Engineer: 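Mind having a look at this structure? Questions to follow.
On a predicted model such as this, the values are computed, not experimentally measured, just so you know. Note that ligands are numbered from 1 as they come in the structure, with each ligand's atoms numbered from 1 the same way.
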Amino acid sequence: MILVNKYILSILTGNFASAITIWPFIFLRDKRSASDPILVNHEKIHLKQQLEMLLLFFYIIYALDYIRNRMNGMNSRVAYFNIRFEKEAYAYEKDLNYLSNRKAYHWWRL
Ligand SMILES: [Zn+2]
């Protein structure tokens, strides 16, 4: 379910992101984002990852990946792009058919 709410984005990401996905919701900053198929596909990939990780484990691994990356000397931006779930989402966001033939836990092999 897609919701447009700039306040949620601001609270949860400090204006860093234009979208955030917390199953079953995709929160977008503005209506223009809702008509961006690549952005929406990126967030739908996160929905799939969250479901297969039973939600809780997605957030744990997401946070641990980020912390590990920062401890390895990456700045916050690079650390974010190297979170395993983000690597999959960015690698395949432009493939709008990706979710129909995606292998489960594909992020694990990236
Ligand atoms: Zn993402």
Side-chain angles (χ1 to χ4, degrees):
M1 178 185 289
I2 294 177
L3 301 172
V4 175
N5 188 322
K6 65 181 176 188
Y7 301 108
I8 298 268
L9 265 297
S10 160
I11 290 165
L12 293 179
T13 78
N15 287 322
F16 171 75
S18 53
I20 190 166
T21 294
I22 302 170
W23 189 89
F25 303 108
I26 296 173
F27 296 102
L28 300 171
R29 179 179 306 286
D30 48 44
K31 286 209 175 88
R32 197 184 50 188
S33 304
S35 55
D36 177 348
I38 294 171
L39 176 65
V40 171
N41 196 40
H42 180 106
E43 299 307 321
K44 284 184 174 172
I45 292 169
H46 286 323
L47 280 181
K48 196 78 173 181
Q49 294 166 335
Q50 290 176 7
L51 266 186
E52 71 190 2
M53 294 305 289
L54 310 173
L55 311 189
L56 179 64
F57 296 106
F58 173 90
Y59 299 112
I60 292 172
I61 291 176
Y62 196 102
L64 288 178
D65 263 13
Y66 180 79
I67 292 165
R68 182 199 60 199
N69 294 343
R70 292 288 281 157
M71 288 173 68
N72 285 339
M74 295 179 192
N75 67 33
S76 58
R77 186 176 165 77
V78 175
Y80 160 76
F81 281 110
N82 279 283
I83 293 168
R84 279 174 274 200
F85 300 119
E86 294 299 347
K87 282 169 124 177
E88 181 187 16
Y90 281 107
Y92 296 102
E93 65 185 7
K94 292 188 181 74
D95 178 358
L96 300 182
N97 295 317
Y98 177 62
L99 282 174
S100 43
N101 43 42
R102 172 185 182 266
K103 290 192 173 75
Y105 304 97
H106 186 61
W107 52 271
W108 188 258
R109 290 179 283 275
L110 295 177

Engineer: Is F58 close to H46 at the side-chain level, that is, under 4.5 Å between some pair of heavy atoms?
Structural biologist: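 Side-chain contact under 4.5 Å: yes.
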Engineer: Check all N, O or S atoms of H46 and name the one closest to the Zn ion (ligand 1).
Structural biologist: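 That would be atom NE2.
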Engineer: Which is the closest N/O/S atom of E86 when seen from the Zn ion (ligand 1)?
Structural biologist: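 In E86, the heteroatom (N, O or S) nearest the Zn ion (ligand 1) is OE1.
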Engineer: Run the side chain to side chain donor-acceptor pair (under 3.5 Å) check on E86 and Y62 step by step: do they pass?
Structural biologist: CA-CA 9 Å; E86 294 299 347; Y62 196 102; 2.6 Å; yes
Engineer: Give a yes or no on whether E43 keeps an N, O or S atom under 2.8 Å from the Zn ion (ligand 1).
Structural biologist: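 It does not: E43 brings no N, O or S atom closer than 2.8 Å to the Zn ion (ligand 1).
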Engineer: Assign the ring pair Y98 / Y92 to parallel, tilted or perpendicular, where the plane angle (0 to 90°) is split at 30° and 60°.
Structural biologist: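 The arrangement is parallel - the two ring planes meet at less than 30°.
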Engineer: For T13 and S10, indicate whether the former's side chain and the latter's backbone hold a donor-acceptor pair under 3.5 Å.
Structural biologist: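 Flag not set: sc T13 to bb S10 has no pair under 3.5 Å.
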